[in-house]
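The first residue of the sequence shown is numbered 1, and numbering continues consecutively from there.
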Amino acid sequence: MDFELPESHRALQASLREFCERRVKPYAREWDKDEKFPMEVVKELGQLGVLGMLVSEEYGGAAMDSLAVAVAVEEIARYDGSLALTVASHNGLGTSHVRVFGNKAQHQRYLPKLASGEWLGAWGLTEPGSGSDASGMRTTAVRKGNKWVLNGAKMFITQGTVGDVFVVLALTSPEKRQKGITAFVLEKGIPGFSQRSIHGKLGMRSSDTAELIMENVEVGDDAIVGEVDRGFIDTLKILDKGRITIGALSVGLLRGALEESIAYSKDRTAFGQPIGEFQGLRWMMADMKTELEAARLLVHRAAKLADAGQPYSEEASMAKLFASEAAMRGCNKAVQIHGGYGYTREFPVERYLRDAKLCEIGEGTSEIQRTIIARETFKGA
């Protein structure tokens, strides 16, 4: 078993670390405070190839693998969870749905611009009345002549207002519920399609989040991604990959919390010595490091299985579940280590804690992950 990253992945890691120290770390607090989407920096990441890591070279991508995406997302999340979420969702959701299930014409139209970052991708599954329970979906696509007419709304969509390309799921055979869902690709500006920004989030505040509204949106068969009524089956595969990247995002937040805590505990003194000399705090950081290493191994295992073409659904759920909850535990400890300062915006650990909460919810809640893992566990029992 090889625990070392390939040289190409280490080079990616190093380049992103340098980039984030220079272009992200000095500004992340203000982005969060102002709920500002850092479009300029996102475009720079596109120029570095970070927005097209899974896209083939034929369409201008970097042709890397799931492990590379996990490495990149962790590295960025160490500095800013919101920016890492943008990279994770762009690569793993909207772009990947087109990349994996789209046809040649869709590849040619969308992938080059998505890979370069000229266009940003978004993905619409969740609705105001349905999240984990897709059977509650109400968005419909009705066939009328040679057109499909879409009506409905999607909620909590990442890149919802800054995106250019949207893959949305809609009921085409409502009587079949999950087995009657189809994916459609929409472009910003199409008549009847609008976006409403969502502000006031607990965390991930500089990640763009919106509601998508479809009012008699007309598209042709060329907008169908994959096959009619098979959209939800394809969606499950997209979600599995997404859970790996959310796990990686969690690892990055936990790593950031630990590194900030170590630095603070060396500098802050109490009772005549650095607080890092106190056993109680040392044990807290020992727990954080142990969970960090365990979470990273789970994430990398799931990514390597995916890259090898082996089943990885259960492993992705394990990685996402453990890493997200470890991040919450670790970031909470980091705030405690910082004491009163940890409760202010002066240090980034309070932001890490707020950002980490999303990781227990997005791409399937912790409860959904436990359900998946339990189901797989009892299959072999």
Side-chain angles (χ1 to χ4, degrees), residues 2 4-20 41-77 83-123 159 163-165 167 183 185 225-226 234-235 237-249 251-252 296 299-312 315-316 319:
D2 186 5
E4 291 295 320
L5 288 173
E7 183 178 347
S8 59
H9 294 56
R10 294 198 300 273
L12 172 67
Q13 189 178 55
S15 66
L16 282 174
R17 187 168 303 168
E18 185 278 329
F19 178 86
C20 288
V41 171
V42 172
K43 295 294 186 181
E44 289 177 28
L45 286 173
Q47 294 168 8
L48 292 174
V50 177
L51 300 183
M53 283 187 285
L54 297 174
V55 176
S56 68
E57 293 178 352
E58 177 185 2
Y59 298 112
M64 298 189 79
D65 55 18
S66 298
L67 181 60
V69 175
V71 168
V73 169
E74 177 191 333
E75 203 60 43
I76 297 168
L83 185 59
L85 181 60
T86 298
V87 171
S89 61
H90 175 85
N91 276 285
L93 298 179
T95 300
S96 277
H97 205 124
V98 173
R99 177 181 61 83
V100 177
F101 302 109
N103 57 39
K104 185 75 172 179
Q106 290 166 342
H107 288 174
Q108 292 173 337
R109 175 161 180 75
Y110 298 117
L111 293 184
K113 291 184 178 181
L114 289 169
S116 69
E118 180 181 348
W119 284 357
L120 292 179
W123 191 72
Q159 276 92 258
D164 303 277
V165 180
V167 176
V185 60
V225 185
D234 296 340
T235 290
K237 298 174 184 176
I238 295 296
L239 285 171
D240 282 342
K241 282 281 185 72
R243 285 162 186 159
I244 297 174
T245 55
I246 293 297
L249 201 163
V251 171
R296 183 184 288 125
V299 169
H300 287 193
R301 178 183 69 160
K304 287 186 175 183
L305 286 172
D307 292 333
Q310 299 180 27
Y312 65 95
E315 288 78 7

For Ala306 and Ile244 the tightest heavy-atom approach is CB-CD1, 4.3 Å

Rounded to the nearest 0.5 Å, how far apart are NE2 of His90 and CG of Leu120?
6.0 Å

Atom NZ of Lys241 and atom OH of Tyr312: how far apart are they, to the nearest 0.5 Å?
4.5 Å

Ignoring hydrogens, what is the shortest heavy-atom contact between Tyr59 and Ala115? Give both atom names and the distance.
O-CB, 4.0 Å

side-chain contact (heavy atoms from CB on, under 4.5 Å), that's the test. Do Leu12 and Met53 meet it? Break it down for me.
CA-CA 11 Å; Leu12 172 67; Met53 283 187 285; 4.1 Å; yes

Are Trp123 and Gln159 packed together at the side-chain level, in the sense that at least one heavy-atom pair is separated by less than 4.5 angstrom?
no

Evaluate the side-chain proximity of Leu67 to Leu5: yes if any heavy-atom separation is below 4.5 Å, no if none is.
yes

Check His9 against Asp65 and note the closest heavy-atom contact, atom names and distance.
NE2-OD1, 2.8 Å

Does the side-chain contact (heavy atoms from CB on, under 4.5 Å) test come out yes or no for Arg243 and Asp240, once each step is laid out?
CA-CA 5 Å; Arg243 285 162 186 159; Asp240 282 342; 3.5 Å; yes

Output yes when a side-chain donor or acceptor of Ser116 lies under 3.5 Å from a complementary backbone atom of Pro112, and no otherwise.
yes

Enclosure of Glu18 CD (heavy-atom neighbours >12, cutoff 6.0 Å):
yes

Between Thr245 and Leu85, is any pair of side-chain heavy atoms under 4.5 Å apart?
no

Taking side chain as C-beta onward, heavy atoms only, is Val41 less than 4.5 Å from Phe19?
yes

Could you go step by step and tell me if Lys304 and Asp307 meet the salt bridge (Lys or Arg N to Asp or Glu O under 4.0 Å) rule?
CA-CA 5 Å; Lys304 287 186 175 183; Asp307 292 333; over 6 Å; no

Is it true that a side-chain atom of Glu75 and a backbone atom of Ala72 form a donor plus acceptor pair closer than 3.5 Å?
no

Please name the pair of heavy atoms, one in Ala63 and one in Glu57, separated by the smallest distance, quoted to 0.1 Å.
CB-CG, 3.9 Å

Can you check side-chain contact (heavy atoms from CB on, under 4.5 Å) on Val50 and Glu44, steps first, answer last?
CA-CA 9 Å; Val50 177; Glu44 289 177 28; over 6 Å; no

Do His300 side-chain atoms and Ala70 backbone N/O form a donor-acceptor pair below 3.5 Å?
no

Does the side-chain contact (heavy atoms from CB on, under 4.5 Å) test come out yes or no for Arg99 and Leu111, once each step is laid out?
CA-CA 7 Å; Arg99 177 181 61 83; Leu111 293 184; 4.1 Å; yes

Within the structure provided, determine whether Leu83 and Leu45 are in side-chain contact (heavy-atom separation under 4.5 Å).
yes

So, taking the atom named CD in Gln108 and the one named CG in Asn103, what distance separates them when rounded to the nearest 0.5 Å?
9.0 Å

Glu74 side, atom CD; Leu16 side, atom CG - distance, nearest 0.5 Å
11.0 Å

Nearest heavy-atom pair of His107 and Gly102: which atoms, and what distance?
NE2-O, 3.2 Å

Any side-chain heavy-atom pair from Val167 and Val98 closer than 4.5 angstrom?
yes

Taking all atoms of both residues into account, what is the closest heavy-atom pair of Leu54 and Ser66, and its distance?
CD2-N, 3.9 Å

Roughly how far, to the nearest 0.5 Å, is the OH atom of Tyr110 from the CG atom of Asp164?
11.0 Å

In the structure I gave you, are the side-chain heavy atoms of Val42 and Thr86 within less than 4.5 Å of one another anywhere?
yes

Pairwise side-chain contact, Val87 with Leu51, heavy-atom cut-off 4.5 Å (strictly under)
yes

